[in-house]
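No experiment lies behind these values; they were computed from the predicted model shown.
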Amino acid sequence: MSAPLHPRQALFGQEAARPSLPVVDHYCGVEARMRKSLALQAELGPVFDITLDAEDGAPVGGEAEHALLIAELATSAANRFGRVGARVHPWGHAAFEADVDTLVARAGQRLAYLMIPKPESADDVDHAVAAIDAACARHGAPRLPLQVLIETHGALREVFRIAAQPRIESLSFGLMDFVSAHGGAIPKAAMELPGQFEHPLVVRAKLEIAAAAHAFGKTPSHCVVTEFRDSERLAAAARRAAREFGYTRMWSIHPDQIRPIVEAFAPAADEVVEAAELLLAAQAAQWAPISFHDRLHDRASYRYFWTVLERAERTGRTLPAAARQAFFATAIG
């Protein structure tokens, strides 16, 4: 008898694999905070990404030196897991090409991704992608995964075109710049809690971004919560982002936010057990339809339960031993 098929082989066929990214994208741009974040990642493991910020983190006039610092940190021993990326200046900014050239030339082998901020259109994204890919080829670096920050009217208008760009793995929502772009028509409260989940224009933007990302198999990353000292409100916001708005990743801007976001995005223990038992039974049935707890299931629902196990793995949840051995002992595709 042939070996049992892994869920990724049995359930997804020829579909392109979705990127499997940590559920937290932690942003920092000040040197002390960048170093502290790298130390925390070494402690907690790769349950969160670190994005070193060459855009808003760079002092005006000191962009070149800041990019060199980011490259130094990304290639240092402190980057233990290879889950460190960088945000560059926007396409068209005077520092964009220098950021890209420095980071690709000096750290292209160690960066997990580059974030492209503030595109005004899908064409801007295409231009930025072409420039980054050219730099990778010029310096003999691998083509870096790319992410896009949706924070302008034009980017939101063309978000489905942007999500369709094959080089893009994730879309993030830039709440602050999006609200500011409305010239005072959206109140400050929409950048806070609970307003960012209530204002119609902000809610529309969140839903459009999540829908576009899922339509093209990309990871939607939820915006920041500025109330970083209120862990309960942060956790509630993260749960809403995951359960009501369809986001599978979220930004952190303070180290204290990382653990609550990971916890909020992690599946509950009983969900993990249910998913493991169901998928093991389905695998034993060679992925044919089965009855499980008096409900009928087939590959359509198996796909959902597989995402539960993948999310459990990404958030450091304990998996039942049989499921870990069957599905995660050896990396598949």
Any side-chain to backbone donor/acceptor pair from [X] onto [Y]? Under 3.5 Å, distance only.
X    : Y    : result
E63  : D99  : no
Y302 : A288 : yes
D53  : G29  : no
N79  : T75  : no
E198 : L193 : no
R299 : W287 : yes
S170 : T219 : yes
Q257 : I253 : yes
R303 : L11  : yes
Q325 : A322 : no

Listing request: all salt bridge (charged side-chain N to carboxylate O under 4.0 Å, His left out) pairs with a residue in [range], at least two apart in sequence or in separate chains.
range            : value
residues 203-217 : none
residues 168-185 : K118-D177
residues 217-235 : none

Q: Look at the rings of H297 and F305 and say which category their plane angle falls in: under 30° parallel, 30 to 60° tilted, over 60° perpendicular.
A: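 The rings of H297 and F305 stand perpendicular, inter-plane angle above 60°.
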
Q | Aromatic plane relationship, F328 with W306 - under 30° parallel, 30 to 60° tilted, over 60° perpendicular | A |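 Parallel, since the angle between the ring planes stays under 30°.
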
Q | Step-by-step ring pair (Phe, Tyr, Trp, His ring centres under 6.0 Å) determination, H222 to F197 | A | CA-CA 11 Å; H222 191 264; F197 288 98; 5.4 Å; yes

For residues [X] and [Y]: do they belong to one hydrophobic cluster (side chain heavy atoms under 4.5 Å, members Ile, Leu, Val, Met, Phe, Trp, Tyr)?
X    : Y    : value
L114 : L21  : no
L280 : L278 : yes
V30  : V84  : no
V148 : M176 : yes
F228 : V262 : no

Q: With sequence neighbours excluded, tell me which residues meet salt bridge (charged side-chain N to carboxylate O under 4.0 Å, His left out) with R157.
A: none

Q: Under the salt bridge (charged side-chain N to carboxylate O under 4.0 Å, His left out) rule, collect the residues that match up with E31, sequence neighbours excluded.
A: R35

Considering only distance and modelled atom types, tabulate donor-acceptor pairs under 3.5 Å from the side chains of residues 265-272, sequence neighbours left out.
residue	atom	partner	partner atom	Å
E271	OE1	A268	N	2.7

What ring-ring contact (aromatic ring centres under 6.0 Å, His included) pairs are there with at least one residue in [range], not counting sequence neighbours?
range            : value
residues 56-90   : H89-H93
residues 105-130 : W91-H127
residues 157-182 : H153-H182, F173-F178, F178-H182
residues 22-49   : Y27-W251

[atom1]-[atom2] distance between [X] and [Y], expressed to the nearest 0.5 angstrom:
X    : Y    : atom1 : atom2 : result
S121 : I162 : OG    : CD1   : 7.0 Å
L40  : R33  : CG    : CZ    : 14.0 Å
L201 : I186 : CG    : CD1   : 4.5 Å
D49  : R249 : CG    : CZ    : 4.5 Å
F327 : E310 : CZ    : CD    : 11.0 Å
T152 : E158 : OG1   : CD    : 9.0 Å

**Q.** Verdict with supporting geometry, D25 and S221, side chain to side chain donor-acceptor pair (under 3.5 Å)
**A.** CA-CA 8 Å; D25 184 5; S221 188; 4.8 Å; no

Q: Write down the atom of C136, the atom of P142, and the distance for their closest heavy-atom approach.
A: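 For C136 and P142, the tightest heavy-atom pair comes out as SG-O, 3.4 Å.
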
**Q.** Heavy-atom pair of closest approach, residues S172 and M115
**A.** OG-CE, 3.6 Å

Q) So does E43 pair up with R80, basic N to acidic O under 4.0 Å? A)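 No salt bridge links E43 with R80.
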
Q.
So that I can tick it off, tell me whether E244 and R239 are bridged by a salt bridge, with the cut-off set at under 4.0 angstrom between side-chain N and carboxylate O.
A.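 So R239 does not pair with E244 through a salt bridge.
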
Which donor-acceptor pairs under 3.5 Å do side chains of residues 100-108 form with protein atoms, sequence neighbours excluded?
residue	atom	partner	partner atom	Å
D101	OD1	R138	NH2	3.0
D101	OD1	H139	NE2	2.7
T102	OG1	A98	O	3.1

Q: Using ring-ring contact (aromatic ring centres under 6.0 Å, His included) as the criterion, list what pairs up with H214, not counting sequence neighbours.
A: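 In terms of ring-ring contact (aromatic ring centres under 6.0 Å, His included), with neighbours along the sequence ignored, H214 is linked to no residue.
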
Q.
Given R259, which partner from the list V47, V24, L44 fulfils the side chain to side chain contact (heavy atoms under 4.5 Å, CB included) test?
A.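 Result: among V47, V24, L44, L44 is the only option passing the side chain to side chain contact (heavy atoms under 4.5 Å, CB included) with R259.
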
Q) Do other residues, nucleotides or ligands put more than 12 heavy atoms under 6.0 Å from E313 CD? A)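 Yes, the 6.0 Å shell around CD holds more than 12 heavy atoms from other groups.
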
